[in-house]
J.: 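Got a structure here, written out as structure tokens. Questions coming.
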Amino acid sequence: VPAPIESSRSKVVRADSSFSSRAVFRLGLLQAWDNRFEPALAALRLYVRLEPADLEGRVALARTYAWASRYATSLAQYDSVLARDATYRDAVVGKAQTLAWSDRLPEAEAQLERWLERRADDVEAWTLLGQFRRWRGDARAAESALDRALALRPDDAAAREQMSWVRVERRPAVTWSLVGAKDSED
């Protein structure tokens with residue numbers, strides 16, 4: 001283990017009142033947030049082995065795999081969580097994000113649409129659905145999803161940002177041209 005990683009690990013473990021799996025979990029999260037994916041994945045895999053029933057740890061592992069662009073492994077982790085609890089929100093939304101990042105937008109949208117049938121008050125899910133539809137090039141459908149998010153929480157920064165992009169894409173385009181008195185055929 002490289003010295004800086006070992007140093008961080010020992011600081012985290014010392015800061016925890018008793019060596020616990022939570023210290024390993026926290027270390028994995030910190031490393032993932034710092035884009036140090038290999039040590040983060042190692043720590044989170046260890047955490048999942050130590051705490052196999054903790055779905056939060058599996059979601060963190062899946063999210064880190066996605067951040068590291070290991071989409072198939074990430075999706076498998078999300079599926080393992082959803083097999084245990086099909087209503088685990090962070091797994092549903094995380095899986096949808098991973099599907100979108102892996103260029104599977106229709107599946108990502110379907111994942112969120114199924115979720116929103118049961119949880120129509122989920123502002124983040126509506127915002128993500130709007131973003132995915134915008135990425136797919138359907139500004140009208142994106143606007144509809146973002147309208148739902150903003151109706152639930154008018155000051156939501158993420159929904160407002162996505163809506164600003166949609167409004168740019170939906171505004172009429174003006175094309176300037178110059179017509180001369182003479183054309184090529186006189």
Side-chain angles (χ1 to χ4, degrees), residues 12 20-138 141-153 156-159 161-162 166:
V12 169
S20 70
S21 56
R22 289 310 278 182
V24 174
F25 178 76
R26 290 181 191 121
L27 177 63
L29 290 180
L30 291 171
Q31 291 170 328
W33 294 339
D34 198 28
N35 295 327
R36 296 173 45 217
F37 298 124
E38 291 311 313
L41 290 167
L44 292 169
R45 282 191 301 263
L46 174 60
Y47 177 76
V48 167
R49 281 195 308 274
L50 294 171
E51 302 291 342
D54 183 9
L55 297 182
E56 180 183 358
R58 290 183 182 278
V59 167
L61 180 59
R63 184 179 301 121
T64 303
Y65 274 122
W67 290 345
S69 300
R70 294 164 140 180
Y71 303 125
T73 308
S74 173
L75 292 169
Q77 284 295 320
Y78 281 124
D79 286 340
S80 77
V81 172
L82 294 170
R84 293 181 184 192
D85 182 355
T87 64
Y88 198 97
R89 183 207 178 273
D90 289 346
V92 171
V93 172
K95 181 178 179 181
Q97 286 177 316
T98 302
L99 287 166
W101 293 339
S102 62
D103 202 25
R104 295 165 61 181
L105 286 170
E107 291 173 75
E109 288 180 52
Q111 176 87 11
L112 287 178
E113 288 166 350
R114 284 190 302 273
W115 174 255
L116 288 165
E117 287 172 3
R118 294 174 285 167
R119 301 292 195 300
D121 62 340
D122 191 330
V123 174
E124 182 184 0
W126 282 114
T127 302
L128 282 174
L129 182 60
Q131 181 179 31
F132 297 164
R133 288 174 172 175
R134 185 176 68 78
W135 287 351
R136 192 174 41 79
D138 190 346
E143 184 176 41
S144 174
L146 293 166
D147 280 340
R148 295 286 302 265
L150 290 168
L152 291 166
R153 192 180 310 137
D156 186 81
E161 178 184 359
Q162 286 299 317
V166 168

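Counting from 1, the numbers follow the sequence of the chain as shown. FYI, side chains are in, hydrogens and waters are out, and symmetry mates aren't considered; it's all heavy atoms of this structure.
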J.: Would you name the heavy atoms of V166 and A142 that are closest together and state the gap between them?
T.: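 That closest heavy-atom pairing would be CG2-CB, 3.8 Å.
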
J.: For A62, is there any backbone N or O sitting under 3.5 Å from a side-chain donor or acceptor partner on S74?
T.: yes

J.: Checking side-chain contact (heavy atoms from CB on, under 4.5 Å) for the pair R119/V92: CA distance, chi angles, key distance, verdict?
T.: CA-CA 11 Å; R119 301 292 195 300; V92 171; over 6 Å; no

J.: Under 4.0 Å between a side-chain nitrogen and a carboxylate oxygen: does that hold for R84 and E56?
T.: no

J.: Output the distance between atom CD (Q31) and atom CG (L44), rounded to the nearest 0.5 Å.
T.: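 Reported to 0.5 Å precision, the distance equals 8.5 Å.
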
J.: Once salt bridge (Lys or Arg N to Asp or Glu O under 4.0 Å) is applied, do any residues pair with D85, and if so which ones, sequence neighbours excluded?
T.: none

J.: In Å and rounded to the nearest 0.5 Å, what is the OH to CG distance from Y47 to L27?
T.: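 Atom-to-atom, Y47:OH and L27:CG are 13.5 Å apart.
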
J.: Would E124 and R89 count as a side-chain contact (heavy atoms from CB on, under 4.5 Å) if you check the C-alpha gap in whole Å, the side-chain angles of each, and the deciding distance to 0.1 Å?
T.: CA-CA 11 Å; E124 182 184 0; R89 183 207 178 273; 2.7 Å; yes

J.: Locate the shortest heavy-atom distance separating A100 from A108; write the atom from each residue and the value.
T.: N-CB, 3.7 Å

J.: For Q162 and W126, what are the C-alpha separation, side-chain angles and deciding distance, and is it a side-chain contact (heavy atoms from CB on, under 4.5 Å)?
T.: CA-CA 11 Å; Q162 286 299 317; W126 282 114; over 6 Å; no

J.: With R133, which residues qualify under salt bridge (Lys or Arg N to Asp or Glu O under 4.0 Å), at least two apart?
T.: E109, E113

J.: Hey, what do you get for OG1 (T98) to CH2 (W67), rounding to the nearest 0.5 Å?
T.: 10.5 Å

J.: Can you name the closest pair of heavy atoms from A159 and L146 and give their distance?
T.: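 Reported closest heavy-atom pair: O-CD2, 4.0 Å.
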
J.: Going by the rule side chain to side chain contact (heavy atoms under 4.5 Å, CB included), which residues pair with R45 if we only count those two or more places apart in sequence or in a different chain?
T.: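 So R45 forms a side chain to side chain contact (heavy atoms under 4.5 Å, CB included) with L41, A42, R49, L61, Y65.
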
J.: Taking only residues two or more places apart in sequence, or in another chain, which ones meet R153 in a side chain to side chain donor-acceptor pair (under 3.5 Å)?
T.: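 With sequence neighbours excluded, R153 shows a side chain to side chain donor-acceptor pair (under 3.5 Å) to D156, given in chain and number order.
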
J.: Which atom pair, heavy atoms only, marks the closest approach of A60 to L29?
T.: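 So the two residues come closest at CB-CD2, 3.9 Å.
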
J.: The criterion is salt bridge (Lys or Arg N to Asp or Glu O under 4.0 Å); which residues satisfy it with E161, sequence neighbours excluded?
T.: none

J.: Is there a side-chain contact (heavy atoms from CB on, under 4.5 Å) between R134 and E143? Walk through the geometry before answering.
T.: CA-CA 8 Å; R134 185 176 68 78; E143 184 176 41; over 6 Å; no

J.: Throw together a table of side-chain donor-acceptor distances under 3.5 angstrom for residues 75-83, partners on residues two or more places apart or in other chains.
T.:
residue : atom : partner : partner atom : Å
D79     : OD1  : K95     : NZ           : 2.7
S80     : OG   : Q77     : O            : 2.7

